[in-house]
Amino acid sequence: MNEEQLMGTARALVATGKGILAADESTGTITRRLNSVGVEASEANRRAYRDMLLTTPGAEAFISGVILYDETLRQESLGGLPFRQLLAQRGIIPGIKVDLGARALAGFAGEQITEGLDGLRERLAAYAGLGARFAKWRAVISIAEGLPTAFGIEANAHALARYAALCQEADLVPIVEPEVLMDGNNTIARCEAVTTAVLEAVFDALYRHRVMLEGMLLKPNMVIAGLKCPVQSPVDEVARATVRTLLRTVPAAVPGIVFLSGGQSPELATAHLNAMNRLGPAPWELSFSYGRALQQPALQAWAGDARQVPAAQALYLKRARLNSAARSGDYTCAME
Ligand code: 5MM
């Protein structure tokens with residue numbers, strides 16, 4: 001394990017004014033995204049869509065790294081250069097999603113466990129050989145009556161920690177993503193309680209697996225009412241609850257926290273990040289690793305039409321720029 005390299009990569013991913021684009025949708029997820037704008041999810045269309053995003057001129061001013069799916073890491077851009085090289089040439093760090101998806105947790109109805117540990121050491125070595133410098137693994141935690149169970153949380157924390165230790169052995173910075181889903185009808189208080197329990201378990205497992213906290217990043221959900229909850233909290237309340245939860249659970253040695261957007265609108269995801277950064281100095285960088293909140297307007301503008309690439313790229317660049325502003329609390333709705 002090269003500690004200096006891991007710490008340097010982790011810090012570069014949360015460099016001032018920059019954040020991460022999550023473009024690591026698995027085949028099933030990208031199929032749903034492309035179908036939602038009337039585009040067939042063929043290999044050619046997946047490549048054309050990722051090409052639109054990854055060749056956006058000027059994105060490197062706001063984007064430090066991109067999480068890719070296995071297919072994209074191995075694919076060539078439409079210009080003939082492998083995507084991973086195209087990114088590296090622009091100073092954007094290529095990363096790779098290495099989990100194999102969440103499946104039903106046997107014996108625990110309504111809960112999921114993320115798979116992909118078998119053979120992971122060999123896959124990580126291969127990804128490092130292809131130029132990836134960081135990796136990502138997502139655990140999925142649902143809130144419902146009686147859920148999550150302590151066992152469901154523990155099982156996912158254990159898998160995240162095993163993944164993170166293997167990544168550091170391979171000199172890849174692990175992004176540890178325990179996602180408490182935002183799609184329920186739960187209150188913000190319930191989200192805070194569940195997120196606290198999940199993060200306590202995750203950092204306990206990371207400690208026991210000897211993961212070097214300075215060489216990793218955390219990718220959590222924000223503390224927010226479920227999207228179906230009739231009472232939605234104002235932006236400042238979400239910011240305060242989220243930072244309070246993180247202060248209670250995330251060691252200061254972790255260099256950065258890169259939020260997922262989880263189905264929030266692009267504007268709200270930016271406003272929440274901005275409000276957190278306005279609360280004042282935190283022990284870690286507070287940044288973004290958004291998928292939908294960076295891509296959605298661009299996906300809709302592109303909709304499979306090559307003539308719309310410049311317009312779509314402008315929309316992606318705008319979201320990247322506004323989230324960059326939110327990193328220093330300098331975003332305002334007027335900038336929309
Ligand atoms: C939670 O999803 C991650 C962040 O995306 P959002 O900002 O849209 O919430 C994202 O990186 C996710 O892990 C990938 O899209 C892969 O998802 P699947 O479901 O295909 O594994």
Side-chain angles (χ1 to χ4, degrees), residues 13 19-37 41 46 49-50 53-54 63-73 93-104 112-117 120 123 132 134-143 156 159-160 163 173-184 191 195 198 202 217-224 226-227 238 242 256-273 276 286-300 316 319-320 322-323 326:
L13 286 168
I20 297 169
L21 167 66
D24 60 317
E25 300 86 357
S26 57
T27 305
T29 305
I30 194 68
T31 297
R32 286 196 296 280
R33 301 270 194 275
L34 293 180
N35 288 173
S36 75
V37 293
R46 292 194 294 268
Y49 175 62
R50 264 72 184 250
L53 287 174
L54 302 184
I63 299 294
S64 55
V66 178
I67 316 172
L68 302 169
Y69 186 55
D70 181 275
E71 175 182 86
T72 322
L73 187 73
I93 304 173
I96 179 74
K97 166 198 178 73
V98 301
D99 67 71
L100 298 180
R103 307 283 158 83
Q112 293 178 288
I113 183 72
T114 303
E115 298 186 344
L117 288 172
L120 182 57
R123 288 198 293 127
F134 70 102
K136 198 207 77 174
W137 177 290
R138 173 175 172 247
V140 181
I141 308 287
S142 297
I143 300 180
N156 276 290
L160 277 166
Y163 139 82
V173 168
I175 295 189
V176 172
E177 182 182 7
E179 179 181 9
V180 178
L181 294 178
M182 306 178 183
D183 57 359
C191 180
T195 303
V198 167
V202 166
L217 296 173
L218 176 72
K219 177 167 173 170
N221 53 285
M222 296 178 194
V223 172
I224 191 169
L227 296 172
V238 169
T242 304
I257 294 173
V258 293
F259 292 99
L260 59 90
S261 58
Q264 301 175 62
S265 71
E267 295 80 6
L268 201 51
T270 306
H272 283 147
L273 178 63
M276 283 186 249
L286 290 172
S287 185
F288 58 93
S289 174
Y290 294 157
R292 285 161 287 182
L294 279 171
Q295 296 183 45
Q296 197 60 28
L299 172 66
Q300 284 166 346
Y316 162 54
R319 295 274 29 115
L322 296 186
N323 283 300

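In this chain, residues are counted from 1 in sequence order. We count ligands from 1, going down the list as the structure has it; atoms in each ligand are counted the same way.
Considering Lys97, Arg50, Arg46, Arg32 as possible partners of Glu25, the one that fulfils the side chain to side chain donor-acceptor pair (under 3.5 Å) test is Arg50.
Residues Thr114 and Arg138 bring no donor and acceptor atom of their side chains to less than 3.5 Å of each other.
With sequence neighbours excluded, no residue satisfies salt bridge (Lys or Arg N to Asp or Glu O under 4.0 Å) with Arg292. Applying the ring-ring contact (aromatic ring centres under 6.0 Å, His included) test to Tyr290 and every residue at least two apart in sequence or in another chain returns Phe288. A search for ring-ring contact (aromatic ring centres under 6.0 Å, His included) contacts involving Tyr163 returns Trp137, not counting sequence neighbours.
The protein residues lying under 4.0 angstrom from ligand 1, judged by non-hydrogen atoms, are Ala22, Asp24, Glu25, Ser26, Thr29, Lys97, Lys136, Arg138, Glu177, Glu179, Lys219, Leu260, Ser261, Gly262, Tyr290, Gly291, Arg292.
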As a quick check of understanding, evaluate side chain to side chain contact (heavy atoms under 4.5 Å, CB included) for Phe134 and Ile93, giving each step before the final call. CA-CA 8 Å; Phe134 70 102; Ile93 304 173; 3.7 Å; yes
